[in-house]
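Lettering follows sequence order; numbering is per chain, from 1. All values below come from the heavy atoms of this structure, side chains included, with hydrogens, waters and symmetry mates left out.
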Protein chains: 2
Amino acid sequence: MPRNRVDGVIASWSHNCAAEVTVAVLGGAWKPVVLSLLGRNEVMRFGELRRAAGEPTPRVLTRQLRELEADGLITRTVYAEVPPKVEYGLTECGRNVQPLLDAMAEWGRDYAADVRRESAGGGADRENDPGDAAGR
Amino acid sequence: MPRNRVDGVIASWSHNCAAEVTVAVLGGAWKPVVLSLLGRNEVMRFGELRRAAGEPTPRVLTRQLRELEADGLITRTVYAEVPPKVEYGLTECGRNVQPLLDAMAEWGRDYAADVRRESAGGGADRENDPGDAAGR
DNA sequence: CGGGATCCCGCCGGATACTG
DNA sequence: CAGTATCCGGCGGGATCCCG
């Protein structure tokens, strides 16, 4: 059970926010995409997943998948045949994270829209003027 | 408007999941803690924030705060007095992210509990047995 | 008090090449 | 097809010291 990756984070969130655990689990370069793809496709083969995710290099995708597997979010099923065939799917934990992932995606979209808006539209910069705050 | 940090991520989530934007914004080492602290305290000074977060090094905390500011989540108010006084607070965007942060924290807690459970309790490992899957 | 300057290092992600 | 092996640059985070 090589869950050592997130273990450090889990161990030290006494004063930390538990959200850091979530970031540690979902924070890989291709993990959100992979999870959302598997959320819609039940099972996917390696190449299929790779193409759909946007052609990450095999090495990187492999590691992302192994980490997600070690963290208990996805399953990996190897079929002993030639040519090789490996199928990836979601565990229950992986399915449980979908609503959260959706919420994160929604916020991300809204945030990106905000950024675009203020980049394009006139910069309505608000200045903080402490002014008379020279107390003490 | 140095929002260049997340701009790259925002620009390239055509096939990606928008959740990556969220990770890019909240993905710093001390960002979740800072945001949740500011969510409960309205305004906080640098040292106050530092102690409450768990004593990160000033340099690191400063950068986290600058990034959050550049990303539009927090405000930074400098009072021109001696000794120096700087107060941090949430922008509207920073307040909007609180519910999501809570959801992430909740999932993180549940996940950590799951991990602890299966580490302690007997490993109820489920094996995948493709068995008769040698099709084609 | 609230940082900035400098140095360091581990890790993450990508490119390229090779294989059972 | 589904990876593995090797090399590499960048940067995120920490330690330590110094400053207005």
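Remark: P of D:dT4 and CG of A:Leu65 are 10 Å apart, rounded to the nearest angstrom. Look at CD on B:Glu48: it is 17 Å from C1' on C:dG3, rounded to the nearest Å. The nearest whole Å value for the distance from the CZ atom in A:Arg50 to the C1' atom in C:dA15 is 12 Å. Remark: P of C:dC12 and CG of A:Leu68 are 13 Å apart, rounded to the nearest angstrom. Atom P of nucleotide C:dG10 and atom CZ of A:Arg5 are separated by 19 Å, given to the nearest angstrom. Straight-line distance from the CG atom of A:Leu61 to the P atom of D:dT4: 11 Å, rounded to whole Å. Protein atom CD of B:Glu87 is 15 Å distant from nucleotide atom P of C:dC1, rounded to whole Å. Here C:dG13 presents its C1' atom at 13 Å from CD of B:Glu20, a figure rounded to the nearest Å.
Across all strands, A:Val86 comes closer than 4.0 Å only to sugar-phosphate atoms, never to a base (heavy-atom distances).
Between B:Gln64 and D:dG13 there is a side-chain polar atom (N or O) within less than 4.0 angstrom of OP1 or OP2. For A:Arg76, a side-chain nitrogen or oxygen approaches OP1 or OP2 of D:dG3 to under 4.0 Å. For C:dG2, neither phosphate oxygen OP1 nor OP2 lies less than 4.0 angstrom from any side-chain nitrogen or oxygen of B:Arg66. The side chain of A:Trp30 contributes an N or O atom lying less than 4.0 Å from OP1 or OP2 of C:dG14.
Atom CD of B:Glu92 has 12 or fewer neighbouring heavy atoms from other residues, nucleotides or ligands inside a 6.0 Å radius.
Counting only heavy atoms from C-beta outward, the side chains of B:Val34 and B:Gln64 never approach each other to under 4.5 Å.
Exactly one of B:Thr22, B:Asn96, B:Val25 qualifies for a side chain to side chain contact (heavy atoms under 4.5 Å, CB included) with A:Tyr111. That residue is B:Val25. The residue from B:Leu73, B:Leu35, B:Thr75 that alone fulfils the side chain to side chain contact (heavy atoms under 4.5 Å, CB included) condition with B:Leu90 is B:Leu35.
Of the candidates D:dG3, C:dG14, D:dG13, D:dG3 carries the atom nearest the A:Thr62 side chain, counting heavy atoms from C-beta on. Here the nucleotide nearest the side chain of A:Pro84, chosen from D:dG14, C:dG14, C:dG20, is C:dG20. Closest approach to the B:Glu67 side chain among D:dC1, C:dG3, D:dG12 is made by D:dG12 (side chain taken as heavy atoms from C-beta onward). Checking D:dA2, C:dG3, D:dG13 against the side-chain heavy atoms of B:Arg63 singles out D:dG13 as nearest. Distance from the side chain of A:Pro83 is smallest to D:dC1 among D:dC1, C:dG3, D:dG20.
Between the base of C:dT16 and the side chain of A:Arg59 there is no donor-acceptor pair shorter than 3.5 Å.
Using a cutoff of 4.0 Å between basic side-chain nitrogens and carboxylate oxygens, B:Glu20 and A:Lys31 are not scored as salt-bridged.
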